[in-house]
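Taking it in order: structure first as structure tokens, then the write-up.
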2 protein chains.
Amino acid sequence: MMNNTKNFDKSREQNSLESAEDYTELIYDLISLKGEARVVDIAASLGISHVTAIRTISRLEKKGFLITKSRSPITLTKKGTSLALFSKNRHQTLLKFLLFIGVPKQVAEKDVEGMEHHVSKTTLKTIESYMGQHT
Amino acid sequence: MMNNTKNFDKSREQNSLESAEDYTELIYDLISLKGEARVVDIAASLGISHVTAIRTISRLEKKGFLITKSRSPITLTKKGTSLALFSKNRHQTLLKFLLFIGVPKQVAEKDVEGMEHHVSKTTLKTIESYMGQHT
DNA sequence: ATGTTAATGTAGCCTAGGCTACAAAGCTAG
DNA sequence: CTAGCTTTGTAGCCTAGGCTACATTAACAT
Ligand SMILES: [Mn+2]
Ligand SMILES: [Mn+2]
Ligand SMILES: [Mn+2]
Ligand SMILES: [Mn+2]
């Protein structure tokens, strides 16, 4: 107890990456599946208004994750693609793990969407290794 | 992919409970350990300014989790105590689980602080049962 | 008893993420 | 080719959660 300052801090810092992770992951998937990522589809997939999507996307552009061109589909930068791939992999691994220990699929899919953003690389590695040994 | 609207939604809704969970848990611990919970200690423990702590605490009071009295220590309502106990238990369980699968203590303690808020009751139960069977 | 320090509170500013209402641009059918 | 949807964009508002600077209150020590 007490003196967990750093843990809380980290938890909050990381939060600023959550959007980047969810958006890049989603944009990557939209491009794979539909050929392009449009604001409308992003907003629909995230269950938010297109206005909110536009503003978040514009922030992510400033941070170098993606590129927008007025009334054109959104594309990921190298940095954005990296983050998307990393996020997709982590999402996948965590989902598999929850299923592995017996969490029902519906629940696992819901929980992973939030949990994923707080799983460190070390924990991810540990999960992978644990599943490897317990098959 | 696509159509994960509800999962994202849930992930965001739940977010509004995060503060309540962290604050009630912390206040509960402060009372146990120091005999009372004061703004200064809450702010220090969370690594934020006392001003931010005061404002969040006042929001939590409006939501019925705690009671403040000018320049007096903070107390938890029944609702707040319930949430604290639930959060502490969930924190404990998740931490034990991460340690169980081999995550180093420092890392586990950091990750759990964020992850805990996204672990559903179903997943928590699953974790407990899994650990019970694999001891 | 009073001066200093510590704790609490207020004012006012910022960013991220939400929203509605409205405006403009672009596609698509008829 | 133009009328009407669809998509994108803008203006302006809100809340949560951050902050600094300053004010006030309470506690403590000399
Ligand atoms: Mn997510
Ligand atoms: Mn995800
Ligand atoms: Mn926490
Ligand atoms: Mn906790």
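Only a predicted model underlies this, so the values are computations on that prediction, with no experimental measurement involved. Letters go in sequence order (proteins before strands), and every chain restarts at 1.
- The distance from atom CD1 of B:Ile54 to atom P of D:dT25 is 14 Å, rounded to the nearest whole Å.
- Within 4.0 Å (heavy atoms only), A:Arg59 reaches at least one base atom of the nucleic acid.
- Put simply, CG on A:Leu17 is 13 Å from P on C:dA16, counting in whole angstrom units.
- Nearest to the side-chain atoms of A:Thr52 among the listed nucleotides D:dA21, D:dT8, C:dG18 stands C:dG18.
- Taking only side-chain nitrogens and oxygens, B:Ser70 comes nearer than 4.0 Å to OP1 or OP2 of C:dG9.
- Put simply, CD on B:Glu36 is 13 Å from C1' on D:dA26, counting in whole angstrom units.
- Going from atom NZ of B:Lys69 over to atom C1' of C:dT8 covers 14 Å, rounded to whole Å.
- Between the side chain of B:Lys110 and the backbone N or O of A:His118, no donor-acceptor pair lies under 3.5 Å.
- Heavy atoms of A:Arg55 sit under 4.0 angstrom from at least one base atom.
- Listed candidates were D:dG17, D:dA21, D:dT7. Nearest to the side chain of A:Val40 is D:dT7.
- Under the side chain to side chain contact (heavy atoms under 4.5 Å, CB included) test applied with A:Ile74, the options A:Ile57, A:Ile67, A:Leu60, A:Leu30 reduce to a single match, A:Ile57.
- In this structure, the side-chain contact (heavy atoms from CB on, under 4.5 Å) partners of A:Lys121, at least two apart in sequence or on a different chain, are A:Phe86.
- When rounded to the nearest whole Å, the span between CD of A:Glu21 and C1' of C:dA16 equals 16 Å.
- B:Leu99 and B:Pro104 make their closest contact through CD2-C, 4.4 Å (heavy atoms, listed as atom of the first residue, atom of the second, distance).
- Rounded to an integer number of Å, the gap from B:Ile48 CD1 to D:dG17 P is 10 Å.
- Rounded to whole Å, the distance from OH on B:Tyr23 to C1' on D:dG18 is 10 Å.
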Just list the side-chain donor-acceptor pairs under 3.5 Å for residues 128-135 of chain A, sequence neighbours left out, or say none.
residue, atom, partner, partner atom, Å
A:Glu128, OE1, A:Lys125, NZ, 2.9
A:Tyr130, OH, B:Tyr130, OH, 2.7
A:Thr135, OG1, A:Gly132, O, 3.3

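- At distances below 3.5 Å, at least one donor-acceptor pair connects side-chain atoms of B:Thr81 with backbone N or O atoms of B:Thr77.
- Comparing B:Val39 and A:Thr56 by the nucleotide of DNA chain C whose heavy atom lies nearest to each, the residue mapping closer to the 5' end is B:Val39.
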Return the polar atom pairs (N/O with N/O) between nucleotides 22-27 of chain C and the protein under 3.5 Å, or none.
residue, atom, partner, partner atom, Å
C:dA25, O4', A:Arg71, NH1, 3.3

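- Ranking D:dT7, D:dT10, D:dG17 by closeness to the B:Ser19 side chain, first place goes to D:dG17.
- Atoms CG (A:Leu46) and C1' (C:dG17) sit 12 Å apart, rounded to a whole Å.
- Close to C:dC19, at under 4.0 Å from its OP1 or OP2, lies a side-chain N or O of A:Ser49.
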Is there a salt bridge (Lys or Arg N to Asp or Glu O under 4.0 Å) between B:Lys88 and B:Asp29? Walk through the geometry before answering.
CA-CA 9 Å; B:Lys88 278 171 66 63; B:Asp29 286 341; 2.6 Å; yes
